[in-house]
Amino acid sequence: MSKRKFKAETKQLLDLMIHSIYTHKEIFLRELISNASDALDKQRFKTLTADGGTTDGEELAINISLDKETKTLTISDNGIGMTQDEVVENIGTIAKSGSREFFEKLKDAKEHSAADELIGRFGVGFYSAFMVADSVTLLTKSVDCEKGVKWESAGDGSYTIDEYELEERGTIIILHLHEDAIKDLNLLDNQEIQRLVKRYSDFITSPIKMDFTIEKPEEKDDDGKVVQEAATEIENRTLNSMKPIWKRNKSDVTDEEYTEFFKQGFSEWEDPADVVHINGEGAVEFTALIFLPGKAPMDYYSSQFERGLKLYSRSVFIMEKCKELLPEYLGFIKGLVDSPDFTLNISREVLQHDRQLAVIAKNIEKKVLRALSKMLKNDREKYIVFWKEFGRALKAGVYAEYGANKEKLQDLLLFESNKSESVTTLAEYVERMPEGQQEIYYAPGKDKASIDAMPQMEKLKEKEYEVLYFTDKIDEFTSVTLAEYKEKKLRSIAGSDLNLDTEEEKKEHEEKLKETKEENKGLLEKMKELLKDKVSDVEISDRLTTSPVCLVSKGEGFSLNMEQVLAEANMGGMPVPKAQKVLELNPNHQIFSILNGLYDKGEEGESLLAVYAELLYGQSLLIEGLPLDNPAEIAHKMVDIMVSADKK
Ligand code: ADP
């Protein structure tokens, strides 16, 4: 017999399970049944895809038994089983990304209530058994093995593992229940177990069975003669209803049933935001049951997240995550597709090019987008909650695939703005546009306050134009891909070509600007020369009223903000493209005449002009929230100036 220690994190999880005051300890049953059901699905799939492809009439089922004497609850299945290596790998370690994520969060969750919510949201599988058991024995035999395995642990940091004689293939899990669990949860009572199975595992597609002891009283006929002795009978009952919910008629399924199915089938804790049940008619026959989750999974925005829908053929499970059934941007969706048109041993490679799958995927996408636009129209509050969780995914969808989806998604986007109390759609923005406004304005920035402080905002406020706050890093990528909405150009107020004036004003401005430019040509050229490594141009600004300078990016393409986003995202050491920067000077600011004064002094003023140019450029970077190229140098120069100001 070999005794082994759990890995540190497994030990940590066990400790949590044992000491947890988690309020739904009974979910251990759901977790173990769901594991058993997976094992049965795998076994069914294996036999059906093997040569001949029959199940030999063997019934694949889960059995639960209770023993009041030994105080044990046993869950067994004749599923695929595990080899010794698999037991060590699957039960002794926590390898899955989801669990790892769980631990990251757990470290921060000092309080019980937080740990509680985490257990609920993740469902921690096999280990939840230790919430109700002093020790757990697992016996298992794999299809691929002669010998069985016995694994045992009291959840105290170690386990034993050994060979074990087992006749049948499958897994038996024996929970040695602890007293509190028996008392508080009534776990040795058949009726209670039946209730828990109905509650948590009713839609498991394999039968979950349990023996019930029926006490039959003595039966007498009219003359008082005993015709039937009192007897104890054992009745084997199936506890779950099994009928795949997606095979039922939409009108026959209640909201509660959908919700329960979602929670059971996808280990979800929150109610779904919406359900789409599709009975595909037409070229391809299929049924799909699609859920828009209420909350994003913890790892949704990480690279570890695996998207996809479950795939079934005639109610037989084929695959857990078929990603070809969803466009990437709808990766947060959960659900399943059942179609008789797929054979069980369809390979991943075939799926990638399968035309029918593509037809189904298109259909699902269409229906989901329709459901979303309906939600936005009919229940805006609900949509906003949904948007907070998944809005980023839709925004990413706009620029994914070179903007192929932008038409479909543009009316589902929400933004904050300086004129709407909560959020606005682009359509509502356009509706509100005052006469004379030609374009849709947005401002990229860290948060609302820093956008409000942007020098460029001054002019827009003066004009009473609405500005969308682009505080999510992804916003600008989305808007650059959209380019326009209902023939109105989307325009960044941080760009160099902000067109704000009427024709007349424009003319007047242009002339004045030209004049100012002409008058200060020398200064501008000198500044440009002094800052030649940093900016592509130095210009007179016509958008500033109180700020001395601002930095804008040239043209419509790559902006300052996008440069910053890419620099922050670790691009694997790839050089980040630079936006073309233009430094704009406010000709009406006092500093402007000081610059001119220095320039007029010629060589004598040049060294100070260089310092001022550098400082103003630094200031413009800071206002944009961009890092300084040379912070130490800038700091020195500022101190020099303070010292020389004092001397004067
Ligand atoms: P999860 O089910 O989320 O993967 P668990 O901790 O519940 O995590 O189980 C870990 C792994 O152990 C499973 O993925 C499966 O490979 C294996 N396993 C658990 N129970 C069984 C069972 N009854 N039959 C076969 N394998 C099982």
Side-chain angles (χ1 to χ4, degrees), residues 25-41 43-44 47 55-81 129 132-141 148 150 152 164-221 224-243 264:
K25 290 189 175 170
E26 73 273 14
I27 59 137
F28 83 92
L29 191 63
R30 172 191 80 186
E31 301 290 322
L32 297 182
I33 288 178
S34 143
N35 281 349
S37 165
D38 289 347
L40 294 174
D41 279 343
Q43 178 58 29
R44 191 173 294 119
T47 38
T55 52
D56 296 332
E58 179 193 32
E59 186 190 42
L60 294 171
I62 299 164
N63 273 293
I64 302 179
S65 63
L66 307 174
D67 188 331
K68 291 202 165 77
E69 305 261 299
T70 54
K71 296 181 178 160
T72 53
L73 184 157
T74 302
I75 298 167
S76 56
D77 66 74
N78 53 347
I80 199 161
V132 296
D134 290 324
S135 69
V136 177
T137 308
L138 177 142
L139 309 170
T140 184
K141 187 171 150 181
K150 178 177 179 177
E152 220 160 18
Y164 189 81
E165 277 305 324
L166 270 184
E167 293 260 310
E168 308 280 338
R169 179 203 69 228
T171 303
I172 303 168
I173 293 170
I174 306 163
L175 309 183
H176 306 270
L177 299 171
H178 65 66
E179 289 298 335
D180 288 351
I182 298 173
K183 223 170 50 224
D184 300 345
L185 301 173
N186 204 11
L187 290 180
L188 288 175
D189 181 73
N190 288 45
Q191 302 296 337
E192 178 58 14
I193 297 298
Q194 177 165 29
R195 191 186 71 80
L196 292 178
V197 170
K198 267 261 164 247
R199 165 95 178 78
Y200 289 111
S201 312
D202 198 39
F203 302 114
I204 292 284
T205 45
S206 302
I208 304 167
K209 299 180 159 196
M210 187 165 64
D211 283 345
F212 283 75
T213 313
I214 316 282
E215 300 289 350
K216 293 228 163 154
E218 192 180 70
E219 271 181 41
K220 294 177 181 164
D221 63 11
K225 213 174 105 202
V226 175
V227 286
Q228 179 88 51
E229 297 282 338
T232 308
E233 270 181 21
I234 304 289
E235 192 181 302
N236 189 249
R237 287 189 201 155
T238 298
L239 308 179
N240 54 332
S241 56
M242 286 189 297
K243 165 116 178 143
Q264 285 182 25

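This chain uses plain numbering: 1 for the first residue, then up along the sequence.
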Step through the shown structure and confirm whether more than 12 heavy atoms of other residues, nucleotides or ligands are within 6.0 Å of [atom1] on [X].
X: E215; atom1: CD; result: yes
X: E235; atom1: CD; result: yes
X: K198; atom1: NZ; result: yes

Taking the side chain as every heavy atom from C-beta outward, state whether [X] and [Y] have any pair of such atoms under 4.5 Å apart.
X: T232; Y: T213; answer: yes
X: L29; Y: I75; answer: yes
X: T205; Y: L40; answer: no
X: L73; Y: I193; answer: yes

Mind listing the closest non-hydrogen atom pair of [X] and [Y] along with its distance?
X: Q43; Y: L60; result: CG-CD2, 4.0 Å
X: E152; Y: T137; result: OE2-OG1, 2.8 Å
X: S206; Y: R44; result: OG-NH2, 3.0 Å
X: D189; Y: L66; result: C-CD1, 3.8 Å
X: I208; Y: I33; result: CD1-CG2, 3.7 Å
X: K25; Y: L185; result: CB-CD1, 4.0 Å

Which residues pass the salt bridge (Lys or Arg N to Asp or Glu O under 4.0 Å) test with E233, sequence neighbours left out?
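Residues passing salt bridge (Lys or Arg N to Asp or Glu O under 4.0 Å) with E233: K216.
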
Considering residues at least two apart in sequence or located in another chain, which fulfil the salt bridge (Lys or Arg N to Asp or Glu O under 4.0 Å) criterion with E179?
K71

Spell out, as yes or no, whether a donor-acceptor pair under 3.5 Å connects the side chain of [X] to the backbone of [Y].
X: Q264; Y: R199; result: yes
X: N78; Y: E59; result: yes
X: K141; Y: L166; result: yes
X: D202; Y: S241; result: yes
X: T72; Y: L175; result: no

Any chance you could measure [X], atom [atom1], to [Y], atom [atom2], to the nearest 0.5 Å?
X: M210; Y: T74; atom1: CE; atom2: OG1; result: 12.0 Å
X: T70; Y: L177; atom1: OG1; atom2: CG; result: 9.0 Å
X: I62; Y: D77; atom1: CD1; atom2: CG; result: 6.5 Å
X: R169; Y: I80; atom1: CZ; atom2: CD1; result: 8.5 Å

Side chains of D211 and N236, donor plus acceptor under 3.5 Å:
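Yes, a side-chain donor-acceptor pair sits under 3.5 Å.
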
Does the side-chain contact (heavy atoms from CB on, under 4.5 Å) test come out yes or no for I174 and L139, once each step is laid out?
CA-CA 8 Å; I174 306 163; L139 309 170; 4.3 Å; yes

Apply the side-chain contact (heavy atoms from CB on, under 4.5 Å) test between K209 and each candidate in N240, N63, L239; give the one that qualifies.
N63

Between E26 and R195, does any NZ, NE, NH1 or NH2 come within less than 4.0 Å of an OD or OE carboxylate oxygen?
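Salt bridge: no.
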
